[in-house]
Engineer: 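Could you have a look at this structure, given as structure tokens, before my questions?
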Amino acid sequence: MMGTVSELCASSFQAFLCPTVRPAATKVHDDLSPEERQELESIRRRKQELLQDIQRLKGEIAEVTNEIDNLGITDERKSMQRNKQVFMGCKKFNMDPKKGIRFLIDSGLLKNTSDDIAQFLYKGEGLNKTAIGDYLGERQFLWSFRLPGEAQKIDRMMEAFAQRYCHCNPGVFQHSDTCYVLSFAVIMLNTSLHNPNVKDKPSHQRFTTMNRGINDGGDLPEDLLRNLYESIKNEPFKIPEDDGNDLTHTFFNPDREGWLLKLGGGRVKTWKRRWFILTDNCLYYFEYTTDKEPRGIIPLENLSIREVDDSKKPNCFELFIPDHRDQVIKACKTEADGRVVEGNHTFYRISAPTAEEKEEWITSIKKAISRDPFYEMVAARKKKVSALTSP
């Protein structure tokens with residue numbers, strides 16, 4: 001009895017999957033009518049078309065899946081790469097502000113406009129405020145960055161502030177020089193009133209006397225000076241913590257660093273190997289390069305340096321106070337128990353590994369020694385005002 005079409009189809013699929021049954025399938029095929037054979041061939045063709053469609057769809061799905069995966073990976077990689085470049089730009093800025101800004105502009109991370117650069121300086125994370133001050137010193141005051149240590153940069157910055165203030169507040173002062181001198185007077189007043197090391201606190205009368213004749217030869221209103229004095233006395237300037245105020249940032253671009261031998265200041269004079277870092281007009285020394293805090297800090301203000309001969313160590317030089325050989329240098333050090341105490345050195349004797357390094361250290365330290373630039377600049381500006389107003 002002839003099988004049904006379904007049975008014949010099942011036999012055909014079996015024959016397709018299992019070659020061993022092909023002879024039986026062939027025999028069945030021979031028993032089919034022409035119409036049935038035609039229908040069977042049509043089913044076989046449709047089967048092949050379906051299989052091809054399935055393979056094509058699988059390929060398309062695989063391509064789309066790969067594109068989706070790659071799209072996600074690409075965006076993530078782009079974000080990671082951008083963050084990495086921004087971080088690198090901040091590091092470069094802390095090392096050299098000009099090079100850092102140029103790197104960010106060249107990388108397409110910062111537009112070369114004053115607004116974009118200002119936003120970066122204001123909102124950028126991990127930026128060292130001293131580096132910001134250095135950058136602005138070559139181009140909100142005092143609370144968003146620190147004044148640079150170089151007198152010329154401070155002068156340019158305060159000059160720019162005075163001119164901008166007078167432009168935005170016409171009629172307050174006769175001349176921008178008045179604002180310049182008063183601004184320095186306010187900074188020094190803040191230090192004198194709130195620095196615990198200053199014992200002789202200035203009075204309102206002394207502050208007023210100090211600023212006589214600075215307004216183009218005339219005096220500023222006494223109410224203005226009194227209000228400034230009381231305001232600073234009641235609420236001192238407070239600079240926020242530096243975002244980059246750890247070793248990674250503070251000492252990121254020192255003037256010089258290296259191992260030196262330092263002669264101890266105790267009763268028993270011993271030479272100790274220390275890692276020295278010269279930056280921001282100070283000489284820091286550490287016991288190890290991995291230390292988080294320095295063992296000692298030597299401010300270089302008003303010091304001198306000279307070569308000396310020592311019978312025990314070669315390539316020596318000394319830091320000392322000129323004309324005051326027995327005066328203790330203002331410095332601090334950390335004791336073994338963690339206490340920070342004042343140093344007791346009347347001089348610091350240091351030995352370099354080679355004669356060449358000794359000369360390089362001496363040259364670098366000489367450049368870093370400061371001479372109280374604030375008072376010198378204010379005196380010069382007052383002299384300038386007096387010369388302009390004198391008949």
Engineer: Where is the tightest heavy-atom contact between G89 and L104, given as atom of each residue plus distance?
Structural biologist: CA-CD2, 3.8 Å
Engineer: So which heavy atom on G343 is nearest to which on V328, and how close?
Structural biologist: O-CG1, 3.4 Å
Engineer: Once side-chain contact (heavy atoms from CB on, under 4.5 Å) is applied, do any residues pair with K330, and if so which ones, sequence neighbours excluded?
Structural biologist: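 With neighbours one apart ignored, the set is empty.
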Engineer: Is any side-chain heavy atom of L260 closer than 4.5 Å to a side-chain heavy atom of R274?
Structural biologist: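 The answer is no, as the side chains (C-beta and beyond) never meet within the 4.5 Å cut-off.
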Engineer: Sequence neighbours left out, cut at 3.5 Å: what donor-acceptor pairs do the side chains of residues 359-367 make with other protein atoms?
Structural biologist:
| unit_1 | atom_1 | unit_2 | atom_2 | d |
| --- | --- | --- | --- | --- |
| E360 | OE1 | R256 | NH2 | 2.6 |
| T363 | OG1 | E359 | O | 2.9 |
| S364 | OG | E360 | O | 3.0 |

Engineer: Kindly write out the residues that satisfy side-chain contact (heavy atoms from CB on, under 4.5 Å) with E60, not counting sequence neighbours, or none if the list is empty.
Structural biologist: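 Expected list: R56, L57.
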Engineer: Between N227 and D223, is there a donor-acceptor pair closer than 3.5 Å when you use the side chain of the first and the backbone of the second?
Structural biologist: yes
Engineer: For F103, enumerate each residue passing the ring-ring contact (aromatic ring centres under 6.0 Å, His included) test, keeping only those at least two apart in sequence or located in another chain.
Structural biologist: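 For F103 there are no ring-ring contact (aromatic ring centres under 6.0 Å, His included) partners, ignoring immediate neighbours.
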Engineer: Less than 4.5 Å apart, any side-chain heavy atom of I298 and any of Y285?
Structural biologist: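 Yes, their side chains come closer than 4.5 Å.
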Engineer: At their closest point, which heavy atom of Y284 faces which heavy atom of P294, and how far apart are they?
Structural biologist: CD2-CG, 4.0 Å
Engineer: Who are the side-chain contact (heavy atoms from CB on, under 4.5 Å) partners of Q38, not counting sequence neighbours?
Structural biologist: none
Engineer: For the pair N281 (side chain) and I369 (backbone), establish whether a donor and an acceptor sit closer than 3.5 Å, ignoring hydrogens and angles.
Structural biologist: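 Judged by distance alone, no pair lies under 3.5 Å.
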Engineer: Starting at CD of E39, measure out to CD1 of I43 and round the result to the nearest 0.5 Å.
Structural biologist: 5.0 Å
Engineer: Does the side chain of R349 come within less than 4.5 Å of K262's, by heavy atoms?
Structural biologist: no
Engineer: Quick check: closest heavy atoms across C282 and P299, and the distance to 0.1 Å?
Structural biologist: SG-CA, 3.8 Å
Engineer: Applying side-chain contact (heavy atoms from CB on, under 4.5 Å), run through N344 and K333 and close with a yes or a no.
Structural biologist: CA-CA 9 Å; N344 56 1; K333 63 178 180 178; 4.2 Å; yes
Engineer: How many angstroms lie between atom CG of L40 and atom CZ of R44, to the nearest 0.5 angstrom?
Structural biologist: 4.5 Å
Engineer: Give me the atom names and distance for the closest heavy-atom approach of A331 to I297.
Structural biologist: CB-O, 3.2 Å
Engineer: Evaluate the side-chain proximity of R206 to K201: yes if any heavy-atom separation is below 4.5 Å, no if none is.
Structural biologist: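 No. Closest side-chain heavy atoms not under 4.5 Å.
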Engineer: Could you tell me which non-hydrogen atom of L189 sits nearest to which non-hydrogen atom of P202, and how far apart they are?
Structural biologist: CD1-CG, 3.8 Å
Engineer: With sequence neighbours excluded, tell me which residues meet ring-ring contact (aromatic ring centres under 6.0 Å, His included) with Y348.
Structural biologist: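 If we apply the ring-ring contact (aromatic ring centres under 6.0 Å, His included) test to Y348, skipping adjacent residues, the hits are H345.
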Engineer: For F276 and I350, what are the C-alpha separation, side-chain angles and deciding distance, and is it a side-chain contact (heavy atoms from CB on, under 4.5 Å)?
Structural biologist: CA-CA 10 Å; F276 279 77; I350 298 170; 4.0 Å; yes
Engineer: Does the side chain of C166 reach to within under 4.5 Å of the side chain of F173, using non-hydrogen atoms?
Structural biologist: yes
Engineer: What is the distance from atom CG of L300 to atom CD1 of I329, rounded to the nearest 0.5 Å?
Structural biologist: 9.5 Å
Engineer: Can you name the salt bridge (charged side-chain N to carboxylate O under 4.0 Å, His left out) partners of E357, sequence neighbours left out?
Structural biologist: none
Engineer: Excluding sequence neighbours, so at least two apart, what forms salt bridge (charged side-chain N to carboxylate O under 4.0 Å, His left out) with E342?
Structural biologist: none
Engineer: Closer than 4.0 angstrom, basic N to acidic O: yes or no for K233 and E230?
Structural biologist: no
Engineer: Could you tell me the separation between the CD1 atom of I321 and the CG atom of N302, rounded to the nearest 0.5 Å?
Structural biologist: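 I321 CD1 to N302 CG: 8.5 Å, rounded to 0.5 Å.
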Engineer: For R226, look at atom CZ and say whether over 12 heavy atoms of other residues, nucleotides or ligands are found less than 6.0 Å away.
Structural biologist: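 Yes, the 6.0 Å shell around CZ holds more than 12 heavy atoms from other groups.
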Engineer: Return the OG to CZ distance between S107 and R102, rounded to the nearest 0.5 Å.
Structural biologist: 10.5 Å
Engineer: What pairs with K358 under salt bridge (charged side-chain N to carboxylate O under 4.0 Å, His left out), at least two apart in sequence or on another chain?
Structural biologist: E307
Engineer: Less than 4.5 Å apart, side chain to side chain, heavy atoms only: is that true for L193 and Y229?
Structural biologist: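 Yes, at least one pair of side-chain atoms sits under 4.5 Å.
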Engineer: Rounded to the nearest 0.5 Å, what's the gap from CD1 on I305 to CZ on F320? Could you check?
Structural biologist: 9.0 Å
Engineer: Measure from the side-chain N and O atoms of S351 to the backbone N and O of P314, and report whether any donor-acceptor pair falls under 3.5 Å.
Structural biologist: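 Here the side-chain-to-backbone pair exists.
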Engineer: My understanding is that a hydrophobic cluster links ILVMFWY residues whose side chain heavy atoms are under 4.5 Å apart, including indirect links. Using that, what else belongs to the cluster containing L261?
Structural biologist: L263, W271
Engineer: Per the side chain to side chain donor-acceptor pair (under 3.5 Å) rule, which among R273, K272, R295 passes with E287?
Structural biologist: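 Answer after filtering R273, K272, R295: R295.
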Engineer: Sequence neighbours excluded, which residues qualify as side-chain contact (heavy atoms from CB on, under 4.5 Å) partners of S42?
Structural biologist: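 Only R45 meet the side-chain contact (heavy atoms from CB on, under 4.5 Å) criterion with S42.
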Engineer: Is the count of non-hydrogen atoms from other residues, nucleotides or ligands lying under 6.0 Å from N234 atom CG greater than 12?
Structural biologist: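 Count over threshold, so yes.
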Engineer: State, yes or no, whether a side-chain contact exists between L182 and N215 at a heavy-atom distance under 4.5 Å.
Structural biologist: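 A side-chain contact is absent here, since even the closest heavy-atom pair is not under 4.5 Å.
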Engineer: Donor-acceptor pair, H194 side chain versus I232 backbone, under 3.5 Å?
Structural biologist: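 Here the side-chain-to-backbone pair exists.
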Engineer: Evaluate the side-chain proximity of N112 to I117: yes if any heavy-atom separation is below 4.5 Å, no if none is.
Structural biologist: yes
Engineer: Who clusters with I61? Use side-chain heavy atoms, under 4.5 angstrom, across I, L, V, M, F, W and Y, and order the result by chain and number.
Structural biologist: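 So far as hydrophobic clustering goes, I61 is joined with none.
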